[in-house]
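A short write-up of the structure that comes next.
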Amino acid sequence: MKYEKIQAPKGVREYLPPESQAFEWVRQQLISPAKLAGYQLMELPVFEETGLFSRGVGESTDVVSKEMYTFEDRGGRSITLRPEGTAGVMRAVIESNLDRGQLPVKVWYSGQFFRAERPQAGRYRQFYQVGIEAIGSDDPALDAEVIAIADQGFKNLGLKNYRLEITSLGDADSRSAHRTDLVSFIGKLDLDESTAARAALNPLRLFDDKRDEIKSAMKDAPLLLDYLSDYSRENFEAVKDYLDDLGIAYVVNPRMVRGLDYYTGTTFEFVHEDLGAQSGIGGGGRYDGLMEVLGGQALSGIGFGLGVDRALLAAIAENTLPVASFTSDLFLIPLGESMKGFALSLASELRQSGITVELAFGDRALKGAMKAADKSGARYALVVGENERDSGLVELKRMSDGQLISVKISELKTVLSS
RNA sequence: GUGGGCGUAGCUCAGCUGGUAGAGCACUCGGUUGUGGUCCGAGAUGUCGCGGGUUCGAGCCCCGUCGUUCACCCCA
């Protein structure tokens, strides 16, 4: 009886060695600027009560209406695998009263998210994001800082071929004035049924349509940026000024559309140029009403989510991965059974100094062990036999050029960490 | 959810108008005594995604299904 193999669920992205090293590096680089800015970790559940998303993200969004993994748990509760991060953060902040302390609350998160979409290049049903949220301040300097943190994450990866697009969705008054005019503009267009239905749900969506006929029809549509209230406009100007001061390049895209309903005010997206259809590597914005809608106080917040999977694809496309740093410093080969104990101790000692050391296992011939050393990509190889143990002197082999370097065992740490 | 491409050894693929499966790379061992990357030799490897159909005969044709990939849509 032979069992069938079980496959991973459709559309999930797994990271296995050696690629996982690059993935971990990318995730680390993306989030480190937030840590440097005093954001603190929030470790959250990957599933939440369904109502959190239908209420927080918005019933009319595609994400909620057709892309959520929703199921009933054994207690008859409706549960949903999180499709995004902000709603969960807000829920936790409210539930634990973090907003009763000093403001803004500044947190970061990292983990997997789930959307039941058709998989595609850069689009997976389980995907990874890192993100931050800053809650309880509407200072435009905070908007600029949040954008700068995201931008620094991409710079840490060495990325260049991306652009930052920003716009402002204004406050409630700005949006309702614009919406009235936009709806009447769209009403005069001759649209097919499904497009009209989309427009009825959220007229802004038509700005995002890729079809030429829609693009040209929308060419003269009223833009939200022209409807901003004085407060919103001044706020947006301030954010742009700060970005200029920071030397962060951006383009204002008044037709930007975000897929989540809670965004207000400053809104932004990072778009990479070498990625194909799924080119958004990160995005975010301000959300004024979200906390209140979720039963908390009426505090404003701003945050972003960065796609780790896509950032990795971008780093591969731009060839910026520091591949050399993904391998060990030393590959240690004990000569014969009797030297294994000595090798284990030596490896352990070196590791305590932060040196990455791999050991040769099994009883392969020295030649085979050297081959293994070569394939591991380690910078140095070292054979230890009785001679070395007794004399305290070893021949360290530099793998890049094959040179043997005589070193005292006591000085290995120094040589290897340089 | 809609549409197109693809599914043959671990990987990349070849397999002519249907006649019972191959290459390169990788892998293991060896080319005698303690140092890899080159070279040479030897070896292991597949229910040709799965199910059904047509046929004397199917990896090659047909249908279905699953997976994968790209695009629409949507977004990270």
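Going from the C1' atom of rG59(B) to that of rA71(B) covers 29 Å, rounded to whole Å. A distance of about 15 Å separates the C1' atoms of rU68(B) and rU8(B), rounded to the whole Å. rG49(B) sits 15 Å from rC13(B) when the P atoms are compared, rounded to a whole Å. One C1' atom belongs to rA23(B), the other to rG67(B), and the distance between them is 26 Å to the nearest Å. Going from the P atom of rG51(B) to that of rU47(B) covers 12 Å, rounded to whole Å. With both ends at atom C1', the span from rG53(B) to rG10(B) equals 33 Å, rounded to whole Å. Rounded to whole Å, the separation between the C1' atoms of rA21(B) and rG46(B) comes to 9 Å. Taking atom P in both rC66(B) and rG24(B), the straight-line distance is 38 Å, to the nearest Å.
For rG34(B), its base sits under 3.5 Å from the side chain of Glu388(A) at one donor and acceptor pair at least. Contact annotation: side chain of Glu67(A) to base of rC73(B), donor-acceptor pair absent below 3.5 Å. Contact annotation: side chain of Glu117(A) to base of rA76(B), donor-acceptor pair present below 3.5 Å. With hydrogens and angles ignored, no donor-acceptor pair closer than 3.5 Å exists between the side chain of Arg123(A) and the base of rC70(B).
A side-chain contact (heavy atoms from CB on, under 4.5 Å) with Leu206(A) is found for exactly one of Leu182(A), Val257(A), Ile186(A), namely Ile186(A). Just one of Val415(A), Leu396(A), Thr356(A) meets the side-chain contact (heavy atoms from CB on, under 4.5 Å) condition when paired with Leu330(A); it is Leu396(A).
For the pair Ile147(A) and Tyr250(A), the minimum side-chain heavy-atom distance is 4.5 Å or more.
An aromatic stack links Phe127(A) and the base of rA76(B), using centre distance under 5.5 Å and interplanar angle under 30°.
Only at 4.0 angstrom or more do the heavy atoms of residues 156-166 of chain A sit from any atom of RNA chain B, so none qualifies. Residues from residues 16-54 of chain A placing a heavy atom under 4.0 Å of any atom in RNA chain B do not occur. For RNA chain B, the residues of residues 260-290 of chain A within the heavy-atom distance limit of 4.0 Å (strictly under) are Leu260(A), Gly276(A), Ala277(A), Gln278(A), Gly280(A), Ile281(A), Gly282(A), Gly283(A), sorted by number. RNA chain B lies under 4.0 Å from at least one heavy atom of each of the following residues of residues 372-384 of chain A: Asp374(A), Lys375(A), Val383(A).
Closest approach of Thr86(A) to Tyr109(A), counting heavy atoms only: N-OH, 4.3 Å.
If you check every strand for non-hydrogen atoms under 4.0 Å, Arg13(A) touches nothing. Looking at heavy-atom distances under 4.0 Å, Gly11(A) makes contact with sugar-phosphate atoms alone, never a base. In this structure, Gly131(A) reaches neither bases nor backbone, as no heavy-atom distance under 4.0 Å exists between it and the strands shown. Note on Tyr128(A): nothing from the nucleic acid sits closer than 4.0 angstrom, heavy atoms only.
Looking only at distances, a side-chain donor or acceptor of Arg125(A) sits under 3.5 Å from a matching main-chain atom of Glu117(A).
Remark: RNA chain B takes part in the stems B:1-7 with B:66-72, B:10-13 with B:22-25, B:27-31 with B:39-43, B:49-53 with B:61-65, each of 3 or more antiparallel Watson-Crick or G-U pairs, criterion distances under 3.5 Å.
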Could you go through nucleotides 3-5 of chain B and list every protein N or O atom that sits under 3.5 Å from one of its N or O atoms, giving the distance for each pair?
residue, atom, partner, partner atom, Å
rG3(B), O6, Arg118(A), NH2, 3.3

Are any protein N/O atoms closer than 3.5 Å to N/O atoms in nucleotides 30-32 of chain B? If there are, list each pair with its distance.
residue, atom, partner, partner atom, Å
rG31(B), O6, Lys367(A), NZ, 3.1

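Take Thr320(A) and apply the side chain to side chain donor-acceptor pair (under 3.5 Å) test, not counting sequence neighbours, and it matches no residue. For Arg205(A), there are no salt bridge (Lys or Arg N to Asp or Glu O under 4.0 Å) partners two or more places apart in sequence or in a different chain.
At the phosphate of rA71(B), OP1 or OP2 sits under 4.0 Å from a side-chain N or O atom of Gln120(A).
Aromatic pair Phe270(A)/Phe304(A): ring centres not closer than 6.0 Å.
Among pairs with a residue in residues 189-209 of chain A, none fulfils ring pair (Phe, Tyr, Trp, His ring centres under 6.0 Å), at least two apart in sequence or across chains. Pairs of residues two or more places apart, or lying in two chains, that qualify as salt bridge (charged side-chain N to carboxylate O under 4.0 Å, His left out) and include a residue from residues 398-418 of chain A are Glu349(A)-Lys413(A), Arg398(A)-Asp401(A).
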Can I get a per-line list of side-chain donor-acceptor pairs under 3.5 Å for residues 331-344 of chain A, giving both atom names and the distance, sequence neighbours left out?
residue, atom, partner, partner atom, Å
Glu337(A), OE1, Lys340(A), NZ, 3.3
Lys340(A), NZ, Asp363(A), OD1, 3.2

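Side-chain contact annotation: Asp171(A) with Ser232(A), donor-acceptor N/O pair under 3.5 Å present.
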